[in-house]
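Reading through the structure tokens given below for one structure.
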2 protein chains.
Amino acid sequence: MTTRERPTLEAVARRAGVSRATVSRVVNGSTTVAATIREAVNRAVEELGYVPNQAARSLVTRQTDSIALILPETANRVFSDDLFFPAIIRGVGSELEAADKQLVLMMAGSAAGYHRVERYAVAGHVDGVMFASIHGADPLPGLLARRGIPVICSGRPMLADPPVPYVDVDHAGGVAAALDLLITSGRRRIATIAGPQDMVAGLERLTGYHETLRRAGLPSLVAAGDFTRESGVTAMRALLAQDPDLDAVFAASDLMAHGALQALRDAGRRVPDDVAVIGFDDFEISRYSDPPLTTVRQPIAEAGRVMARQMLRLIAGDPDIDPAIILPTELITRASA
Amino acid sequence: MTTRERPTLEAVARRAGVSRATVSRVVNGSTTVAATIREAVNRAVEELGYVPNQAARSLVTRQTDSIALILPETANRVFSDDLFFPAIIRGVGSELEAADKQLVLMMAGSAAGYHRVERYAVAGHVDGVMFASIHGADPLPGLLARRGIPVICSGRPMLADPPVPYVDVDHAGGVAAALDLLITSGRRRIATIAGPQDMVAGLERLTGYHETLRRAGLPSLVAAGDFTRESGVTAMRALLAQDPDLDAVFAASDLMAHGALQALRDAGRRVPDDVAVIGFDDFEISRYSDPPLTTVRQPIAEAGRVMARQMLRLIAGDPDIDPAIILPTELITRASA
DNA sequence: TTACGGCCTGAGAGCGCTCCAACAAGGGTA
DNA sequence: TACCCTTGTTGGAGCGCTCTCAGGCCGTAA
């Protein structure tokens, strides 16, 4: 290991024959430095391979140019084929990279996790904190906001004290579009596989289902799931047992829809002839299921990008941040409905 | 925003009626502090809501307790249904979390990305750098190592100057197991869909294919892919055109195997009756394909965990780090072969 | 020639923390 | 009683950087 001593500002200054302050000015791109001196400094920087020490810099500037993204701990345990968090990470990552900020990934959810994240943020390790998907009435966003740390959520937080800006997608609109397709194509016994009710996404999609069906004068039939494929299988079986004659099912996630497809096949039902299936997400894999899945596309990566952009504005001190941004959803019609 | 002034060590010391040094000792868990004083300090910390300033701390300790994971930029662009990087992240994340280190995620690959990562690491923002999957002869790992920064790679680096410790999986063994199954079940015209040849994983799986078939006295038939599903479809079509009578295909990734399955179905071939298919990865989705995919399981998350563990040892100054750790692969037999 | 801005540059004071050297008490030993 | 440990505590010197402020230089106008 060539742990050669790393050069400091001081060393560069000596070599260039100027003061520390001047080097600092050059390094930070100040314009008030004479061209000849600037060049001399740049040469010294080059020759010495100087890179500013981040710790020293943030000690005085009080900012770190990195931003945390908090994932619920479940992301680490349960969903080994989940594509939601990867998409969020992709979106956030690309946007932050463009702004030359760093992404710090943290898992939270456990009590210990809470505390860790809080300490981490308060210790000034990051300039802001973004939450990817809030579970239940998570107190953490509010807690950090109260500590004066910039916070943005993906998905409307249930707890809003103080209100934290968020970006979410139009769940209700997407659900309505899906159900409308089902209804206008003549389906009358439309069941749903709901998502977890401690998450706004699960909640709003179920509410949307109830409202649209009520408006259409159709009966509701609900089974509970947790967004996973396995829960989709189980829920679909339960639904079939309750109403063997149902002719459509709306699943609140693509993975659950895939599970439903499987359970339907096992039960000898043809899709879409006997039962139409619609999902919610539009993951890549849904183009390749048998049959290809009709689903509501939600722009996950885009949500990540927007979230990151809002965070950047927040950090920059922009006074008028939208308290909420709702991204549109879109019905993608394929073969399953 | 309640940006109330954050208390410093000094403030805590004043409140507890001791010196800064003593507070520092208590906060950092030194044992040589009298119990009564320790309690008084803890009380003051509690009351003031004191959290040590990370920048100040790392300025003197020269460590940050966070570690970077570098993803190739492609991860951000191409693979929207790739499950490799999420799995690596999961593995690394869980291990680092247990060690109370933070994970900093960075994308690299572009020239600009290189420079950013290098500066970032050299600036002392992280204590070490891990690479998830090396593309071609990436100079970055060696470059950082030469700068004295702890580096670990997932996947053997092609460039080994200076040699960088890595963890990889037993590609050759997995391929041999897959092909043996094919051969002993009577397949004689076994094709392969190869991965990108600028990655060790692609290279070694193809080499393994060639060697095993040569030993068995069987002919080779190769089509090139890039690990994606789409490339699997294309490659399978090419293979079918070249040898309509092939009776088996080994794909160097699950996604390509799924593509092959699709192309085979489109061409009217039955799997496994007409053509047997084996993949490599064992992603969750491969349990649900039609038919379920026989594949070589590589322990991706485990590789992430091991990589993180090695990194932790490296940072701790452990003198004897294994220069290479090879994790076993395992053939998972399902319906496609 | 002197006076006066304007423009650059340098000196120096921190940012909040760790850690070393030095020192104050006690308690045991000769 | 004098001496030496041991245990616990303090002051202070930095870590490497930014940023304010004062001061030097020069051109221009009086």
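Note: hydrogens, waters and symmetry copies are ignored here, and every other heavy atom, side chains too, is used. A, B, ... follow the sequence lines: proteins, then strands. Residue 1 opens every chain.
When rounded to the nearest whole Å, the span between CG of B/L59 and P of C/dT18 equals 11 Å. The distance between atom CD of B/E10 and atom P of C/dC15, rounded to the nearest whole Å, is 10 Å. A straight line from CG of B/N28 to P of C/dG16 spans 17 Å, rounded to a whole angstrom. Rounded to whole angstrom, the span from the CG atom of A/L9 across to the P atom of C/dA11 amounts to 14 Å. Atom CD in B/Q63 sits roughly 14 Å away from atom C1' in D/dC15 (whole-Å rounding). Taking atom CZ of residue B/R14 and atom C1' of nucleotide C/dG16, one finds them 13 Å apart after rounding to whole Å.
In this structure, the nucleotide among D/dT18, C/dT18, D/dG16 sitting nearest to the side chain of B/R62 is D/dG16.
The residues B/R116 and A/E97 are annotated as salt-bridged, a charged nitrogen and a carboxylate oxygen being separated by less than 4.0 angstrom. Look at B/D65 and B/K101 and you find a salt bridge, because one of the NZ, NE, NH1 or NH2 atoms lies within 4.0 Å of a carboxylate O, short of that distance. Electrostatic pairing of A/E302 and A/R305 counts as a salt bridge here, judged by a charged N lying under 4.0 Å from a carboxylate O.
When all heavy atoms of B/I300 and B/F84 are compared, the closest pair comes out as CD1-CD1, 3.5 Å.
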Atom pairs under 3.5 Å: protein N/O with N/O of nucleotides 9-11 of chain D:
{"unit_1": "D/dT9", "atom_1": "OP2", "unit_2": "B/A34", "atom_2": "N", "d": "3.1"}
{"unit_1": "D/dT10", "atom_1": "OP2", "unit_2": "B/S19", "atom_2": "N", "d": "3.0"}
{"unit_1": "D/dT10", "atom_1": "OP2", "unit_2": "B/S19", "atom_2": "OG", "d": "3.1"}
{"unit_1": "D/dT10", "atom_1": "OP2", "unit_2": "B/T22", "atom_2": "OG1", "d": "2.6"}
{"unit_1": "D/dT10", "atom_1": "O4", "unit_2": "B/R25", "atom_2": "NH2", "d": "3.3"}

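Rounded to 10 degrees, the angle between the two end axes of the helix from C/dT1-D/dA30 to C/dA30-D/dT1 is 60°, with five pairs used at each end.
Using a 3.5 Å distance cut-off with no hydrogens or angles, the side chains of B/R62 and A/N53 do not pair a donor with an acceptor. Side chain to side chain, A/Q54 and A/R57 fail the donor-acceptor criterion of an N or O pair below 3.5 Å. Checking A/S19 against A/T22 by side-chain atom types alone, a donor-acceptor pair falls below 3.5 Å.
Side-chain nitrogen and oxygen atoms of A/N53 include none within less than 4.0 Å of the OP1 or OP2 phosphate oxygen of D/dC15.
B/D318 contributes no side-chain N or O that, together with a main-chain N or O of B/L314, makes up a donor-acceptor pair within less than 3.5 Å. No donor-acceptor pair closer than 3.5 Å links the side chain of A/D127 to the backbone N or O of A/Q63.
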